[in-house]
Amino acid sequence: MTTIDKLRRLILDLQKSNITAEMLTPEALFVDTLALDSLDMTELMVHAEDTFGLDVDLDDVTNMPTIASAVEYFDKRLAE
Amino acid sequence: MEPALFAGKFEPLPEDKTLTPEMKSTKAACQGDCAVLKDHFRRVRVDETNAVHVGEVFRSAYGDDFPVKYVYQPESVVQEIHEGRLVATLAFDAEGVAAGYISVFKSAPNPRLWEAGNLVVVPAYKHSDLGLLLAEGYSDERLYPKAESDGLFNEGVCCHYFSQVSAIKTGGVDCALELDQLDGASFRDNRTGSARISCVFNFREYSDPPPQAYLPEVYAEIIREVALPLRPRVYSPSVAPLPASGTTRKEDQFYASAQTWKIAVWEIGSDWPTVVTKLLGEAQSRGVISLQITLNTACPHIGEAVRVLRAEGFFLAGLAPRWFGSDGLLMQQVFGAETEYDRTKLYSKTAKKLLTFIRNDRASVQADIK
């Protein structure tokens, strides 16, 4: 499973009623498109840490506005 | 240039001549120290000139129902600040409207401890990263006088991860797990829908602990493990019986809305078994659900005190570092429905390990009573 597929799965696992699979494009903005708040972003971060086996800084979370930027972040970290 | 209140990635306030008209109007709402956050939020220390906005922020999120009532009264907020019990900051948006609030305040028996809490984001900015930006402020030790402090603690709820993650990612250490401490129905952000909400006690330490402390044998290993990331401590085994004389000295805080009663025991006297019996009776008449007793580890009799508590159904919650200046050993009992463990969100490995230990300890004391 690719990084973006894993992230899409994690976002859907949040079980937010306003989010459909079709909305999860690379350009989708976590806050403006998907309406995730700080609690949602933190939960997503926790599950992403478990999935990818990485520790994520709070600073990094606030610098990932889109799904594409999150994919780029995790791919870069995994390559290190 | 005004020094930035907060270090790290937040930009210092520019010289007046570099401010845009938009930023100038926001600066006008700020008095004293000020710092720019992402998306043009500005974070300023609360004082007489802006304390009225504190109530606005809480009212937008909680109506008139926030249990700490002084937040609604500017004069009371200022009094808390002037009397050294509260340090607070407000975030303003580019239009100069109050958008969020964080604070540290004194609530523990040890007056040199600060509690981090009451982070609020107004509904208009709920779907932004302002909450995360504000949470990072707790790690800025210019927010409160660290040099005069033994430490900063917070009790992160287990119905979501935000508070726990913020605490861990900014250098705190998880030390205790307080089961079913809060009422789930009255908690605004209860994402799990549980009837009661547990809390993780997280701590960061700013001074060296006293040189001597005691632990009961039954909890020595787990407490030493929990305390390992903190400053070095010397724990001796508690082997002394209860004292032959002397009166137990304690203080307490009763949170009626949560049905939670917290008791801090400074000194254990010869009357300890009677004290425990009376506390249990009073807890029952008050309808207490979460009963917590924190024992002073400076007491050599703590081992025997714990034996008496366990015989009455109390089990471990964990360590409350520097609760008395010396550490506290936090014991708890929960009445009523069984804890919804599967709805308890825990972030750190320590918190998860504590839960396993506490569940076993709880089962053990209940088995011994039957």
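Labels below follow one simple rule: chain letters A, B, ... track the order of the sequence lines, proteins then strands, and each chain is numbered from 1. All values below come from the heavy atoms of this structure, side chains included, with hydrogens, waters and symmetry mates left out. Bear in mind that the values here come from a model prediction, so they are computed numbers and not experimental data.
Residues from residues 47-54 of chain A that place a non-hydrogen atom less than 4.5 Å from a non-hydrogen atom of chain B comprise A:H47, A:E49, given in numerical order. Interface with chain A: from residues 117-126 of chain B, residues B:K126 qualify, criterion being any non-hydrogen pair under 4.5 Å. Residues of residues 13-33 of chain A that come closer than 4.5 Å to chain B, counting heavy atoms only, are A:K16, A:V31, ordered by residue number.
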Yes or no on side chain to side chain contact (heavy atoms under 4.5 Å, CB included) for B:Y347 and B:K169, after CA distance, side-chain angles and deciding distance?
CA-CA 11 Å; B:Y347 177 61; B:K169 296 285 187 188; 3.1 Å; yes

Stepwise side chain to side chain contact (heavy atoms under 4.5 Å, CB included) test for B:T170 and B:R204
CA-CA 9 Å; B:T170 53; B:R204 63 196 80 186; 3.0 Å; yes

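Distance alone, capped at 3.5 Å, places no donor-acceptor pair between the B:E115 side chain and the B:V104 backbone. Using modelled atom types, no side-chain atom of A:D57 and backbone atom of A:D60 make a donor-acceptor pair closer than 3.5 Å.
Counting only heavy atoms from C-beta outward, the side chains of B:S290 and B:Y255 never approach each other to under 4.5 Å.
In this structure, B:F162 and B:H160 have perpendicular ring planes: the angle between them is above 60°, well past the 30° mark.
Checking B:T260 against B:Q181 by side-chain atom types alone, no donor-acceptor pair falls below 3.5 Å. For the residue pair B:S163/B:S166, the side-chain donor-acceptor check at 3.5 Å is not satisfied.
Pairs passing the salt bridge (Lys or Arg N to Asp or Glu O under 4.0 Å) check and including a residue from residues 64-78 of chain A, sequence neighbours excluded, read A:R77-A:E80.
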